[in-house]
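Below is one structure, written out as structure tokens; the observations come after it.
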Amino acid sequence: MTSTTGADRDYVPDVRTLTIDNRQVQPEGAAWDVYNPATEQVLATVAGASSKQVDDAVSAARKAFGRWSSMSGHERAAAIHRFADVLEARTDKLLASIVNEVGTPVSLAEGLQVKLGLMHLRWQAEAAKKDRTLHLGGYDQPVPTMSDVTHYPVGVVAAITGYNYPLNLAIFKFGAALAAGCTVVLLPSPRTPLTTLLFGDLSREADLPDGVFNVLVGDAEVGQQLTSHPGVDKVSFTGSDAVGAKIMEQAATNLNGVTLELGGKSASIVLPGTDVESLATETHLRWSRNGAQGCAALARLLVHESLYDRFLEASAEGFEQMRVGDPWDPKTNIGPMIRPDHRERVQGFIDEALGAGGKALLSVDRPLPESGWYVNPVLLGNLPHDARAVQQEIFGPVAVIVPFSDTDEAIRLANDTAYGLAANVWSPDLEEGRRVAERLRAGTVWINGGGAMRPDAPFGGSGRSGVGRELGEWGIHEYLEPRHIQWRV
Ligand code: NAD
């Protein structure tokens, strides 16, 4: 059966081999089952890399580094574009793989993963061509000199991704690293390894030079070996803050730098004067997309007290439009949670909040499909600001609403979590929106919606949301070191 996109809903990638030094390699480590979270069926049994295979992948990347880094930016760009061409020709397969292993609604998988991911990869290919030399000019102390700053690639990159967007999270890392002249060993989440295994296979078709792009799969132990490996020069990780802290420690074994793209508890601030009737539906459809299994889900709604009742009334329509269920149904916007333990965790947040006096102000109460790890969305209110549901990333379809009395309080509440990833400000006055944006601890602030991740703008956060930035020039610089060259005149 095919979907409206042309992708085959029964498709499961048949690649079970690792990609090491441009070869298909049978994995020799422990095996596990990969599930379709919408049907609860086993999609595939996948074996992980052995310790020796981790060594082999790092050595292949190290061996390839000299040649790849000394190629011209234009040559690297051509190779990355070839890879993008091969991926683009397999759009339907990538799409089906993502929908089946993650449970991402098909329209979202198509737009936010495949199309967006490939657009970013093309941008990164072009960025490989850029001359980043800075001419600093003359300096007289202690003798007259001139200086340039050039850049050199950091080396072998260990790139580890979370489960929720396997395609674009990987591209954000390997596209930038390859463009910068680094070589890569990529390790996806063991819960969603199939799309990434397919990448490895397709990279061979794109004829990337041997060893430049290696793909392993495996559990946390494989991740630990890779991130503390003496042959690795840089670790780039997307995942939870708890694992991010371990990654930092592991990378410290070799004093390696890290880029950490972690979780968030992003606020959507509704300032006085906002036309809540026209924005409420968009607000709810946005925070809940992919079942709010997105790092920048704006699931903390801060609403001015003068608008609170009207906002809630206007929100009913947004909840009515939420469709929970089969990710292949084009009308679905909330698919399943990735695993039953994650569903229990999300339900735990709801139960705890309701048990402590919180209220379910809005919810979807339609019956859930019989199979699949689904949770119906809910908007929780009447919670103190230190409640767990207000402070912690839930990563499921649960939002909280908190009233505020003036703009200073809104900013204080917005900044009052351990995270600092993203925020949205709703205001009829753009200047006021900008003034508020400038006071938010967030790596991205959208004003009046939009929500785009531009290839040329940075993405990332501070606090428990991470270290460093992906995308744009900032993302390329995560994989470059500056080199000061000074000569006497
Ligand atoms: P996770 O932290 O559970 O796992 C991420 C990866 O880490 C997996 O591949 C896992 O195998 C690996 N891992 C676990 N222990 C390890 C160790 N000790 N050493 C090396 N690797 C190890 O995250 P997840 O549940 O897959 O993803 C969800 C999280 O990712 C959420 O917190 C979400 O906010 C975050 N996320 C952030 C961004 C961003 O750009 N900021 C984007 C997407 C997701």
Side-chain angles (χ1 to χ4, degrees), residues 29-30 32 34 37 46 48-49 54 101-102 104 112-113 116-117 120 158-173 176 185-193 195-196 215-229 232 235-253 256 258-266 289-299 337-339 341-342 345-346 392-396 417-422 442-444 453 458-471 474-475 478:
W32 69 95
V34 177
V46 170
V54 176
E101 72 172 339
V102 189
T104 311
L112 206 65
Q113 291 236 49
L116 181 94
H120 280 265
I160 301 188
T161 51
Y163 77 82
N164 57 330
Y165 289 115
L167 185 137
N168 50 6
L169 297 185
I171 284 178
F172 293 171
K173 297 187 184 314
V185 181
L186 176 63
L187 177 71
S189 163
R191 291 182 282 190
T192 55
T195 311
T196 312
V215 172
L216 300 177
V217 290
D219 58 12
E221 215 173 299
V222 172
Q224 189 166 358
Q225 188 192 344
L226 179 62
T227 52
S228 53
H229 200 288
V232 162
V235 178
S236 179
F237 171 77
T238 298
S240 62
D241 52 338
V243 175
K246 289 187 196 162
I247 298 274
M248 216 168 183
E249 258 180 58
Q250 291 157 202
T253 319
N256 279 334
V258 291
T259 302
L260 301 176
E261 295 294 341
L262 311 178
K265 189 72 184 179
S266 301
R289 84 181 165 196
N290 206 23
Q293 294 173 98
C295 53
L298 297 157
M337 300 291 97
I338 191 70
R339 289 289 179 272
D341 59 340
H342 184 49
R345 181 179 170 277
V346 173
Q392 291 188 16
E393 180 181 53
I394 299 177
F395 227 55
T417 74
Y419 297 101
L421 190 60
T444 301
M453 291 176 78
F459 186 79
S462 51
R464 293 198 77 84
S465 292
V467 175
R469 293 290 185 272
E470 290 195 312
L471 307 185
W474 299 265
E478 295 287 315

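Since the structure is predicted, the reported quantities are computational estimates derived from the model, not experimental observations. Computation of the quantities below employed the complete heavy-atom set of this structure, encompassing side-chain atoms and omitting hydrogens, waters and symmetry-equivalent molecules. Both ligands and their constituent atoms are indexed starting at 1 by order of listing.
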Quiz item: Does F172 reach ligand 1, in the sense of a heavy atom lying below 4.0 Å from it?
Solution: no
Quiz item: By number and element, which atoms of ligand 1 are closer than 4.0 Å to a non-hydrogen atom of I247?
Solution: 19 (N), 20 (C), 21 (N)
Practice problem: Run down the list I394, T161, V243 and name the one with the heavy atom closest to atom 8 (C) of ligand 1. | Solution: T161
Quiz item: What do we get for Q293 next to ligand 1 when only non-hydrogen atoms under 4.0 Å count, side chain, backbone, both or neither?
Solution: neither
Quiz item: Can you check whether K246 has an N/O within less than 3.5 Å of an N/O in ligand 1?
Solution: no
Exercise. Could you tell me whether F395 and ligand 1 have an N or O pair separated by under 3.5 Å?
Key: no
Quiz item: Quick one: does E470 get an N or O within less than 3.5 Å of an N or O on ligand 1?
Solution: no
Quiz item: Of all the atoms in ligand 1, which lie at a distance below 4.0 Å from a heavy atom belonging to P188?
Solution: 9 (O)
Quiz item: Taking the side chain as C-beta and beyond, is there a heavy-atom pair between V467 and M248 under 4.5 Å?
Solution: yes
Quiz prompt | Any G460 heavy atom less than 4.0 Å to ligand 1 | solution = no
Quiz item: Taking only residues two or more places apart in sequence or in another chain, which ones pass side-chain contact (heavy atoms from CB on, under 4.5 Å) with Q250?
Solution: Q224, T227, S228, K246, I247
Quiz prompt | K173 with E470: basic N within carboxylate O range, under 4.0 Å | solution = yes
